[in-house]
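What follows is a short report on a single structure.
Note that the structure is a prediction, hence the values are computed from the model and not measured.
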Amino acid sequence: MFNGRISMSGRTYSPGVLVGNWNEDVYLEEENLKDFIYRRERGELLIQRSKKFKERMYGKEQLSISTDGFIHFGDTVVLVSPELKKPCSENPRDTCGARLSLAVTPDEIYVHKTDALPSPCRVTACIVTDPVARNAFRILSTEGQAMGEPLRFGQNFGLGATGGFTDRMLYLVSNHKHFQNAAKKSAQQNVYLTDELSFLASWQVTYLDPQMRLEYEGFPVPANTTVIIIHSYTNHALAVPRNFWMRTYFGKEYEVNCHTYLDTHRAEEDKNYWIMVTGNASDVSTTMLERPKPVTGVTKQQNPELQAET
């Protein structure tokens with residue numbers, strides 16, 4: 001119970017020697033022990049809160065299954081940024097060119113203070129593409145459409161996330177950039193979550209090919225295909241630049257902003273590509289991205305083993 005004690009003259013005594021306000025030190029240690037036991041029983045220790053928070057954020061989430069191949073209002077999906085066609089780094093261990101998903105990322109200070117998602121709350125792109133609580137988003141209606149109706153190209157919709165907390169939902173919003181409201185790394189238009197559903201939370205899905213966008217306007221949005229997600233108010237596209245990363249409570253993740261990156265042909269780059277991933281009907285624990293592709297004639301020619309089996 002006793003530690004080594006030092007007198008006023010600086011001389012060190014053995015733990016058994018009572019020096020100074022020894023009685024107060026004993027009571028103080030007993031109070032600290034009682035406080036520790038009390039907080040541990042209530043689950044208020046920092047390590048307990050951190051473990052509980054991570055278990056909630058990485059809890060398995062059931063995605064919606066598309067029976068007709070389209071995205072509908074009320075569906076729960078994972079927004080995945082596909083792999084880059086060209087590697088962005090020479091380091092093979094770097095994950096900047098890998099498949100990323102949009103995820104809820106609260107600041108560490110809020111994790112230790114509260115049991116709910118803060119508002120506003122930032123979003124990042126993480127390498128976890130499996131459906132969990134922090135990367136599952138719900139397609140919401142912002143113009144009075146009924147739940148279950150198919151989402152169409154050019155139609156306003158909202159993106160909501162709970163992050164594993166069922167008490168309230170936060171909405172993905174963006175606004176014109178200014179000095180105090182810009183992305184920290186890229187200095188582009190910021191993207192974050194808030195509990196206020198306003199016109200800043202309206203988004204639209206645009207067809208990938210710019211030359212075919214007018215033809216596809218008003219058609220249902222197919223699931224598990226590459227599209228462009230445009231912010232309705234600022235007309236900028238949701239993007240993952242991939243050359244700006246940050247240290248978060250969950251590790252190394254990449255910044256998400258709202259900026260349209262165009263190539264020399266005035267078409268969006270793969271930084272603006274997104275896939276609305278739904279659940280796998282044959283295996284509810286996986287997504288359609290993990291579903292094996294059907295065997296075709298080209299696949300049989302490339303794999304003689306499959307051709308011999310058939």
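Residues V128 and V104 are members of one and the same hydrophobic cluster, defined by side-chain heavy-atom contacts under 4.5 angstrom among Ile, Leu, Val, Met, Phe, Trp and Tyr. W245 is connected to L102 through a chain of hydrophobic side-chain contacts under 4.5 Å among Ile, Leu, Val, Met, Phe, Trp and Tyr, so both are in one cluster. One hydrophobic cluster, built from ILVMFWY side chains closer than 4.5 Å, holds both V205 and F219. Hydrophobic cluster membership differs between L117 and Y171, with clusters built from Ile, Leu, Val, Met, Phe, Trp and Tyr side chains linked at under 4.5 angstrom. Transitive grouping of hydrophobic side chains (ILVMFWY, heavy atoms separated by less than 4.5 Å) brings L79 and V123 into a common cluster.
Separation of the F70 and H72 ring centroids does not fall under the 6.0 Å cut-off.
For the salt bridge (Lys or Arg N to Asp or Glu O under 4.0 Å) condition, the pairs that include at least one residue of residues 117-131, sequence neighbours left out, are D107-R122. Here side chain to side chain donor-acceptor pair (under 3.5 Å) pairs that include residues 211-220, with residues two or more places apart or in two chains, are R213-E268.
Side-chain contact annotation: N272 with T260, donor-acceptor N/O pair under 3.5 Å absent. Using modelled atom types and a 3.5 Å distance limit, the side chains of R134 and T105 yield a donor-acceptor pair. Looking at T76 and Q62, their side chains never bring a donor and an acceptor atom within 3.5 Å of each other. Side-chain atoms of N257 and S186 include a donor-acceptor pair closer than 3.5 Å.
You'll find the side chain of I275 stays beyond 4.5 Å of the side chain of V227, heavy atoms only. A heavy-atom distance below 4.5 Å is not found between the side chains of R168 and T162. Contact check for M169 versus L197: no side-chain heavy atoms found under the 4.5 Å cut-off. Side-chain contact check for E196 versus S119: every heavy-atom pair is 4.5 Å or farther apart. Using a 4.5 Å cut-off on side-chain heavy atoms (C-beta onward), M57 and F165 make contact.
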Give every donor-acceptor pair under 3.5 Å between a side-chain atom in residues 139-155 and any protein atom, sequence neighbours left out.
residue	atom	partner	partner atom	Å
S141	OG	G144	N	3.3
S141	OG	Q145	N	2.7
S141	OG	Q145	O	3.1
S141	OG	Q145	OE1	2.7
E143	OE1	Q145	NE2	3.3
E143	OE2	N156	ND2	2.6
Q145	OE1	E143	N	3.3
R152	NH1	G218	O	3.1
Q155	OE1	R152	N	3.1

Identify all side-chain donor-acceptor contacts of residues 175-184 below 3.5 Å with residues at least two apart in sequence or on another chain.
residue	atom	partner	partner atom	Å
H178	ND1	Q180	N	3.3
H178	ND1	N181	N	3.4

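Other residues sharing a hydrophobic cluster with Y273 under the 4.5 Å side-chain heavy-atom criterion for ILVMFWY residues are L208, I228, I230. Cluster note: Y192 groups with V173, F199, L200, Y233 through ILVMFWY side-chain heavy atoms spaced under 4.5 Å, whether in direct contact or through intervening members.
In this structure, S174 contributes its side chain and N190 its backbone to a donor-acceptor pair below 3.5 Å. Judged by distance alone, the side chain of T129 and the main-chain N or O of S101 form no donor-acceptor pair under 3.5 Å. Judged purely by atom type and a 3.5 angstrom limit, D75 has no side-chain atom pairing as donor or acceptor with the backbone of V77. Judged by distance alone, with hydrogens and angles left aside, the side-chain atoms of D35 form no donor-acceptor pair with the main-chain N or O of E31 at under 3.5 Å. Looking at W274, its side chain does come within 3.5 Å of a backbone N or O of L238 through a donor-acceptor pair.
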Before you tell me yes or no, could you show the steps for T234 and Q189 under side chain to side chain donor-acceptor pair (under 3.5 Å), namely the whole-Å CA-CA distance, both residues' side-chain angles and the distance that decides it to 0.1 Å? CA-CA 9 Å; T234 60; Q189 189 171 307; 2.8 Å; yes

Test side-chain contact (heavy atoms from CB on, under 4.5 Å) on L172 and L193 and set out the steps. CA-CA 5 Å; L172 189 69; L193 293 168; 4.0 Å; yes

Quiz item: Can Y58 and F250 be said to form a ring-ring contact (aromatic ring centres under 6.0 Å, His included), step by step?
Solution: CA-CA 10 Å; Y58 283 102; F250 306 97; 5.6 Å; yes

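For the pair K185 and Y254, the NZ or CZ position fails the cation-pi test of under 6.0 Å to the six-membered ring centre and within 45 degrees of the ring normal.
E253 and R242 are not joined by a salt bridge, as no carboxylate oxygen comes within less than 4.0 angstrom of a charged side-chain nitrogen.
Shown here is I47, whose CD1 atom has no more than 12 heavy atoms of other residues, nucleotides or ligands within 6.0 Å. Other residues, nucleotides and ligands place more than 12 heavy atoms under 6.0 Å from the CG atom of L33.
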